[in-house]
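Everything below concerns the one structure shown next.
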Amino acid sequence: MGMKSDIKLIDDNGLRIDGRLPNQLRPIKMEVGVLKRADGSAYIEWGGNKIIAAVYGPREAYPKHIQDPNKAIVRARYNMASFSVDERKKPGPDRRSVELSKVISEALESVIFTERFPRTTIDVFIEVLQADAGTRVAGITVASLALADAGIPMKDLIVGCAAGKIDGVVVLDLNKEEDNYGEADVPMAIIPRTKEIALLQMDGDMSYEELITAMDMAMEAAQEIHRMQIEALKRKYTEIEEVE
Ligand code: UDP
């Protein structure tokens with residue numbers, strides 16, 4: 001978040017540097033079932049982000065001592081490819097990716113009926129191929145599709161979406177420049193049907209009223225992203241019916 005700068009993020013017409021309105025999402029494309037060896041998989045392009053998710057499981061947890069006799073363990077691993085960012089990222093886990101893996105695991109677990117699969121793990125690999133801000137929320141959104149593709153029972157498809165503040169204006173879905181030079185970024189994971197919040201983080205600063213506005217914006221956008229997820233699932237599963 002923002003080194004304060006002279007860069008103008010909102011122009012005289014109230015538009016953002018990529019031409020969006022404050023409450024407008026970047027373009028989003030989703031595809032389900034992109035990897036044949038995974039139990040479930042999906043791909044998302046969200047603005048300049050390109051992310052793939054692969055799900056394996058539920059499968060017997062190994063070594064045995066990590067097994068939970070009452071439920072499945074959800075293990076998400078968020079990884080950024082070294083070529084995904086401007087300045088080559090050193091391969092392998094770092095503090096950021098370990099933290100993101102943890103919070104993403106917890107967000108996904110909140111919608112999965114884990115008690116139906118005792119002693120198992122559900123592994124979710126999130127590979128960021130190209131990053132342009134908002135990768136954790138796009139990662140949650142695509143992971144949720146991969147979980148559905150794997151047939152894992154969930155109470156809803158979870159959606160990630162961020163809002164924030166740039167040039168004094170509350171906006172939806174910050175891109176990289178906005179993330180760099182804006183005042184605040186608030187990534188959220190939302191369960192659209194119940195409007196529960198399964199992840200809420202904030203970087204930067206904004207007023208209480210602005211935070212509420214940002215959360216409302218993300219909540220509304222989550223409903224739209226949820227419809228896109230359902231469309232993406234329908235596209236895969238109706239195609240298969242046609243082939244058979
Ligand atoms: N980023 C980067 N190198 C890194 C980590 C992040 O260039 O090692 C960029 C990347 O484009 C990322 C953005 O900074 O999407 C914002 O990162 P942040 O940690 O806020 O997470 P995100 O918004 O992607 O969830």
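Source: prediction; values computed, not measured. Read the numbers this way: they start at 1 and go in the same order the structure lists the ligands and their atoms.
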Kindly tell me which protein residues have any non-hydrogen atom under 4.0 angstrom away from an atom of ligand 1, grouped by chain and ordered by number?
Met80, Val85, Arg96, Ala131, Asp132, Ala133, Gly134, Thr135, Arg136, Lys176, Asp179
So do Arg20 and Asp173 actually touch side chain to side chain, heavy atoms under 4.5 Å?
yes
Stepwise salt bridge (charged side-chain N to carboxylate O under 4.0 Å, His left out) test for Glu177 and Lys8:
CA-CA 10 Å; Glu177 289 73 26; Lys8 252 183 105 162; over 6 Å; no
Who pairs with Glu231 by side chain to side chain contact (heavy atoms under 4.5 Å, CB included), at least two apart in sequence or on another chain?
Lys234, Arg235
Is a side-chain donor-acceptor pair under 3.5 Å present for Asn49 with Asp132?
no
Flag the pair Glu31 and Lys236 as a salt bridge only when some basic side-chain nitrogen lies within less than 4.0 angstrom of an acidic carboxylate oxygen.
no
Glu106 atom CD: more than 12 heavy-atom contacts under 6.0 Å:
yes
